[in-house]
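Keep in mind that this is a model prediction, so the values were computed, not measured. Below, each value reflects all heavy atoms present in this structure, side chains not excepted, and no hydrogens, waters or symmetry copies.
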Amino acid sequence: MAVFLKMSVFLSFFVGLGMVGLVSSAKFNELFQPSWAMDHFVYEGELLKLKLDNYSGAGFASKSKYMFGKVSIQIKLVEGDSAGTVTAFYMSSDGPNHNEFDFEFLGNTTGEPYLVQTNVYVNGVGNREQRLNLWFDPTNDFHSYSILWNQRQVVFLVDETPVRVHTNMENKGIPFPKDQAMGVYSSIWNADDWATQGGRVKTDWTHAPFIATYKDFEIDACESPVSMAAADTAKKCSGGGERRYWWDEPTMSELSLHQSHQLLWVRATHMVYDYCTDTTRFPVKPVECEHHRH
């Protein structure tokens, strides 16, 4: 069944998704658990802070795995000089042929904008990076970052505005991630060999600890029991079981007209890199880029 762990529950219009449903936030320890560097976790009421210093970063993982649905977290990113640091929020399955949907927030020197890098791995193959700057300062306040995943598309959203869509194009012979349950993860770590200006700007440890702050953890997705075979999980979570999920509704198979306009605006005004147009890395355009509408 879909997970609805409630700290506070209220009826709300899913404005960006065009549906009405229950929105529920959960406390961190209801959905997640630390996965490394527990001494770099700070709990302040409903807030969770992850610290990065020159000894370690930190990360956490969901207690369960899921197949299809929507996951969201509100994050306030590292303030000030965050060059060399990466804060990540992502979904991933296990193994060498894993699927993965990434948000990676690439730190920068004071006064320079954060870059948001998204990536999609299918059957262990990634190299589908897109980068954009945001229309706000993500270090000043909390903003929501979400991943919507169903059988037709994967949508990356920032404050409910779509910033990337990965569409199912199996009819073109292109694999789509729909047969592996995925965990939900977040972490902060040092990546000054590549994160800021291609690795030219290094982490200034005199500004440590670098702190990313989290709240309002939400998972509205089909939980995958550990004991259930992958094929049975796929059937259970894809509307083949007794219930039909909201993410399987026809309106969720593609972006609404308003969302399409939002995405076009993001791409036109905020995208700074798209692997589909990188002829140096890909002299032959990746096959999904030939068919993708966005």
Side-chain angles (χ1 to χ4, degrees), residues 1-17 19 21-38 40-52 57-78 86-93 100-105 116 118 134 138-150 154-161 163 181-189 210-226 237 245-247:
M1 60 184 291
V3 170
F4 292 100
L5 291 177
K6 305 175 182 67
M7 180 178 66
S8 60
V9 181
F10 54 96
L11 272 176
S12 166
F13 282 95
F14 281 101
V15 176
L17 299 176
M19 292 191 67
L22 284 173
V23 177
S24 53
S25 297
K27 295 180 180 179
F28 170 78
N29 60 10
E30 292 179 297
L31 293 174
F32 296 96
Q33 58 192 2
S35 49
W36 51 289
M38 292 182 66
H40 282 56
F41 284 66
V42 178
Y43 301 91
E44 295 181 358
E46 299 301 327
L47 302 182
L48 168 67
K49 296 184 176 183
L50 295 191
K51 297 193 301 183
L52 166 67
F60 60 82
S62 59
K63 294 180 178 180
S64 299
K65 289 191 165 74
Y66 306 90
M67 186 175 289
F68 308 128
K70 184 181 179 185
V71 300
S72 301
I73 292 182
Q74 290 208 19
I75 309 174
K76 182 180 179 183
L77 293 171
V78 177
V86 173
T87 304
F89 168 52
Y90 61 104
M91 298 184 71
S92 182
S93 58
E100 186 173 330
F101 314 137
D102 294 339
F103 271 112
E104 291 179 312
F105 306 96
V116 180
T118 60
L134 294 167
T139 71
N140 280 345
D141 205 349
F142 289 92
H143 293 270
S144 68
Y145 303 94
S146 308
I147 300 168
L148 168 68
W149 173 35
N150 60 28
V154 180
V155 185
F156 295 77
L157 304 113
V158 176
D159 289 340
E160 295 303 312
T161 296
V163 298
M182 305 173 84
V184 185
Y185 305 89
S186 189
S187 57
I188 184 170
W189 78 94
F210 303 97
I211 297 175
T213 309
Y214 299 77
K215 69 174 185 176
D216 294 350
F217 305 91
E218 299 177 7
I219 298 180
D220 183 359
C222 181
E223 188 169 357
S224 173
V226 175
C237 294
Y245 297 100
W246 62 265
W247 53 83

Exercise. Within a strict 4.5 Å, meaning less than it, do heavy atoms of the Ile75 and Tyr145 side chains meet?
Worked result: yes

For this session: State the CZ-CD distance between Phe41 and Gln33, to the nearest 0.5 angstrom.
Result: 10.0 Å

Exercise. What residues, two or more places apart in sequence or in another chain, satisfy side chain to side chain contact (heavy atoms under 4.5 Å, CB included) together with Lys49?
Worked result: Val42, Glu44, Ile211, Thr213

For this session: Could you grab the distance from atom CD1 of Ile188 to atom NE2 of His40, nearest 0.5 Å is fine?
Result: 10.0 Å

Exercise. What are the two closest non-hydrogen atoms of Phe156 and Asp102, and how far apart are they?
Worked result: CE2-O, 3.3 Å

Problem set entry | Under the side chain to side chain contact (heavy atoms under 4.5 Å, CB included) test, residues paired with Thr139 that sit two or more places apart | Leu77, Glu79, Tyr114, Asp137

Exercise. Side-chain donor-acceptor pair under 3.5 Å between Ser186 and Tyr90, yes or no?
Worked result: no

Problem set entry | Minimum side-chain heavy-atom gap Lys215-Gln74 below 4.5 Å | yes

Exercise. Rounded to the nearest 0.5 Å, how far does CG of Leu52 lie from OG of Ser187?
Worked result: 10.0 Å

Exercise. Are any non-hydrogen side-chain atoms of Leu148 and Leu157 less than 4.5 angstrom apart?
Worked result: yes

Exercise. Under 4.5 Å between any side-chain heavy atoms of Phe60 and Leu50, yes or no?
Worked result: yes

Problem set entry | CA sep, side-chain torsions, deciding dist, call: Phe103, Ile147, side chain to side chain contact (heavy atoms under 4.5 Å, CB included) | CA-CA 9 Å; Phe103 271 112; Ile147 300 168; 3.9 Å; yes

Problem set entry | Exercise: identify the closest heavy-atom pair between Ser93 and Ala181 | CB-O, 3.2 Å

Problem set entry | Set of residues satisfying side chain to side chain contact (heavy atoms under 4.5 Å, CB included) with respect to Asp159, sequence neighbours excluded | Phe136, His143, Ser144

Exercise. Atom CZ of Phe89 and atom CE of Met91: how far apart are they, to the nearest 0.5 Å?
Worked result: 8.0 Å

Exercise. Can you name the closest pair of heavy atoms from Ala61 and Ser35 and give their distance?
Worked result: N-OG, 4.1 Å

Exercise. In chain order, what residues pass the ring-ring contact (aromatic ring centres under 6.0 Å, His included) check against Phe101, with sequence neighbours excluded?
Worked result: Trp149

For this session: Could you tell me how the ring of Phe28 sits relative to the ring of Tyr43: parallel (under 30°), tilted (30 to 60°) or perpendicular (over 60°)?
Result: tilted

For this session: Please determine if Lys76 forms a cation-pi arrangement with Tyr214, meaning its NZ or CZ atom is less than 6.0 Å from the six-membered ring centre and no more than 45° off the ring axis.
Result: no

For this session: Take Glu218 and Lys27 through the test salt bridge (Lys or Arg N to Asp or Glu O under 4.0 Å) and record every step on the way to the result.
Result: CA-CA 9 Å; Glu218 299 177 7; Lys27 295 180 180 179; over 6 Å; no

Seminar exercise, completed: OG (Ser92) and OH (Tyr185) are apart, to the nearest 0.5 Å, by 6.0 Å

Problem set entry | Side-chain heavy atoms of Tyr66 within contact of Ile219, under 4.5 Å | yes

For this session: Please list, chain by chain and in numerical order, all residues satisfying side chain to side chain donor-acceptor pair (under 3.5 Å) with Ser64, sequence neighbours excluded.
Result: Glu223

For this session: Could you verify whether a donor N or O on one side chain and an acceptor N or O on the other, from Asp220 and Trp247, lie under 3.5 Å apart?
Result: no

Exercise. Say you draw a straight line from NZ of Lys65 to CE of Met182; how long is it, rounded to the nearest 0.5 Å?
Worked result: 10.5 Å

Problem set entry | Non-hydrogen side-chain atoms of Phe32 and Val184 separated by less than 4.5 Å | yes

For this session: List for me each residue that meets side chain to side chain donor-acceptor pair (under 3.5 Å) alongside Thr118, sequence neighbours excluded, and say none if there are none.
Result: Arg164

For this session: With the side chain counted from C-beta on, respond yes when Phe68 and Tyr245 share a heavy-atom pair under 4.5 Å apart, and no when they do not.
Result: no

Problem set entry | Full working for side chain to side chain contact (heavy atoms under 4.5 Å, CB included) between Glu160 and Ser146 | CA-CA 7 Å; Glu160 295 303 312; Ser146 308; 3.9 Å; yes

For this session: Compare all side-chain heavy atoms of Asn29 with those of Phe217 and state whether any distance is below 4.5 angstrom.
Result: no

